[in-house]
Amino acid sequence: MAHPARIAYRAWTQPFGRRSVSTPYSFAHGAYARDVRATFDHLEAGEESGSSVSVAGRVMLLRTQGRVAFATMRDSTGEVQLFAQSAASEDFEGFTHLHLGDWVGVTGEVVRTRRGELSVKVGSWTRLAEARRNFGDKWAGIADYDVRYRHREADLWANERTRTSLALRSAVLRALRERCWAGGFMEVETPMLNPIATGAAARPFVTHHNALDSEFYLRIAPELWLKRLVVGGFERVFELGRVFRNEGVSPRHNPEFTSLELYSAYWDYEDMMAFTEELVAGVVRDVLGTTTLTYQGRALSMAPPWPRRPMAELASEAVGEAVSVHTPRERLAALLEERGVVAPPAWGPGRCLAELFECAAESALWEPVFVTDHPVEVSPLARRHRGDAELTERFESYVAGWELSNGFSELNDPVEQRVRFEQQAALGAAGDDEAMSVDENYLAALEWGLPPTAGLGVGVDRLAMIVADESNIREVIAFPTLKPWRDEVGGSEGAGGA
RNA sequence: GCGCCGGUAGCUCAAUUGGCAGAGCAUUUGACUCUUAAUCAACAGGUUCCGGGUUCAAGUCCCGGCCGGCGCACCA
């Protein structure tokens, strides 16, 4: 496409006829379109209410017909028609020269036209801002993904679907917070700038602080900080915020994404699973009014309880023979190889089992399910399973074929945590750039005593995708990460851009 | 990072085998006193993403680059 900043460049350079350029500093806004519609819904066609309102919004459509004109105005609540007449409206001529996309403030009587459309009859009006770029085709909107994602402000006006999806995301955030608060969790904030990247298996972004002359990593998870707050006595905490992972971009992955992490002292993973299914299903119900929905054309019920299925059990069903973390590594590796995956020597049976689950069983999961009891090898922060020392008390919820949440009984033994960290560090030394390093400050915290605690992480963007029935994560992120055009990059000379 | 597909007027999209680059909407102008994507008429609007190449002739074919969508890989 052409450079996205050039949208409507031609229109911008065209003369603007007899339009004034001065606009007011404020407007005495009195009513929203939705309220006007609700309050005056009773008016009959041709009836005048005798009541005056002041509305403001954007001109979406304009129909002039001789000495009358009709505009469709939209504000944040909906649309209402503006009805101007040469005999009764101030500066009628100017009104007919409004552009689609201009912001206007209008004061006038609420009437219903002879043809039955509820309208504000324009008495006085002001152009609050002019649109010097157009908002795309008034029927087709803006279709170009590049423009839609880079100029979401235009996309929001042009495309109803965008407004709906981003508003649903906002409703999800609100419902999550309210349910966390209702559950007795306090919202906290922990550092995004971290001296080491830890709490998850992921590659970090690196940055530099000038005054401290230190390297920092953008956080890949707030997990360890939050557990330190539990050590400190905040028994139930949550953080809803951005994390950053320097990895591939896909329809389900944005480099920065929003996670909800929460921790409750005295809970184990069974307690947390119960909380999770109620939280997620409750949010869906809060936002959509039901837990029975359609995702990408397929029925999806979010209603709890969700089945609990051990990972080994699901893997066994998928491969057609009994496998577990105790199955000889050679056998697991052979099963992986049948599926086109070559297990590196560093993978023990636990990692092999997890990979086998992922390539054989994961994508077939549709309705919500808790996959439980992950191998210790792939769960360095989770507490050992009380029934099998090679497993952990961990769960991941899967919905629509991908992971939505992850949680576990937290490992709170500082001695064992050090061993786990050291195993991770060894993997890192062997070339695994997603392995964790030893976090001495976190180990010190555990030495002060972390009570039995369960933790949870939820992929909020993915939850929003399900609620909004979107298949691409970018549709629920206002400004998704995109590759910058060359002339947007700071410090470059901008040659060769567009 | 790899593969496939795409980028044409401000927007949405056409353009046959390589043969004069078009339409609708928007903008500008005119007509019209109840429209609903109003309608009718007229004018104007182009670096066909960028840079090379082949050809009498390139939006179209070839090479390189930029950006995006989808798939794979990685991951949540």
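In what follows, chains carry the letters A, B, and so on, assigned in the order in which the sequence lines appear, proteins first and then strands, with residues in each chain numbered from 1.
The side chain of A:Arg245 lies closest to B:rA76 when the candidates are B:rA76, B:rC25, B:rA26. Distance from the side chain of A:Gln81 is smallest to B:rU36 among B:rA38, B:rA76, B:rU36. Residue A:Asp144 places its side chain closer to B:rU12 than to any other of B:rU36, B:rU12, B:rC70. Of the candidates B:rU27, B:rA38, B:rG24, the closest approach to any side-chain atom of A:Gln65 belongs to B:rA38. The side chain of A:Val68 lies closest to B:rC34, out of B:rG68, B:rU12, B:rC34. Listed nucleotides B:rA37, B:rU36, B:rG24 differ in distance to A:Asp137; the shortest reach to its side chain belongs to B:rG24. In the set B:rA76, B:rA26, B:rC67, the nucleotide with an atom closest to the side chain of A:Asn134 is B:rA26. Across B:rC74, B:rA26, B:rU28, the shortest atom-to-atom separation from the side chain of A:Glu247 is found for B:rC74. Side chain of A:His99, nearest nucleotide from B:rU27, B:rG24, B:rC74: B:rU27.
Under 4.0 angstrom from either OP1 or OP2 of B:rG68 there lies at least one side-chain N or O belonging to A:Arg150. Residue A:His97 places at least one side-chain N or O under 4.0 Å from the OP1 or OP2 atom of B:rU29. In this structure, A:Asn472 reaches the B:rC70 phosphate: one of its side-chain N or O atoms is under 4.0 Å from OP1 or OP2.
When both distances must be under 3.5 Å, the Watson-Crick or G-U wobble mate of B:rC72 is B:rG1. B:rU39 and B:rA31 make up a base pair, with Watson-Crick or G-U wobble contacts both under 3.5 Å. Using Watson-Crick or G-U wobble geometry with both donor-acceptor distances under 3.5 Å, B:rC11 finds its partner in B:rG24.
Using a cut-off of 4.0 Å between Lys/Arg side-chain N and Asp/Glu carboxylate O, A:Glu475 and A:Arg148 are scored as salt-bridged.
Contacts of A:Leu404 with the nucleic acid, taken as non-hydrogen atoms under 4.0 Å apart, are absent. Residue A:Glu403 is in sugar-phosphate contact alone, with no base atom involved, counting any heavy-atom pair closer than 4.0 Å across all strands shown. Contact annotation for A:Ala143: backbone-only contact, meaning every heavy-atom pair under 4.0 Å involves sugar-phosphate atoms and none involves a base.
Checking A:Ser405 against A:Glu396 by side-chain atom types alone, no donor-acceptor pair falls below 3.5 Å. Between the side chains of A:Glu393 and A:Ser409, a donor-acceptor pair is found at a separation under 3.5 Å. At a cut-off of 3.5 Å, with distance as the only test, no side-chain donor of A:Asn472 or A:Arg252 sits close to an acceptor on the other residue.
Atom pair A:Met60:CE and B:rC25:C1' shows a separation of 14 Å (rounding to whole Å applied). Atom CZ in A:Arg252 sits roughly 11 Å away from atom C1' in B:rC70 (whole-Å rounding). Distance, A:Arg148 CZ to B:rC67 C1': 16 Å, rounded to whole Å. Rounded to whole Å, the distance from NZ on A:Lys138 to P on B:rC13 is 17 Å.
Nucleotides B:rU12 and B:rC66, compared at atom P, are 24 Å apart to the nearest Å.
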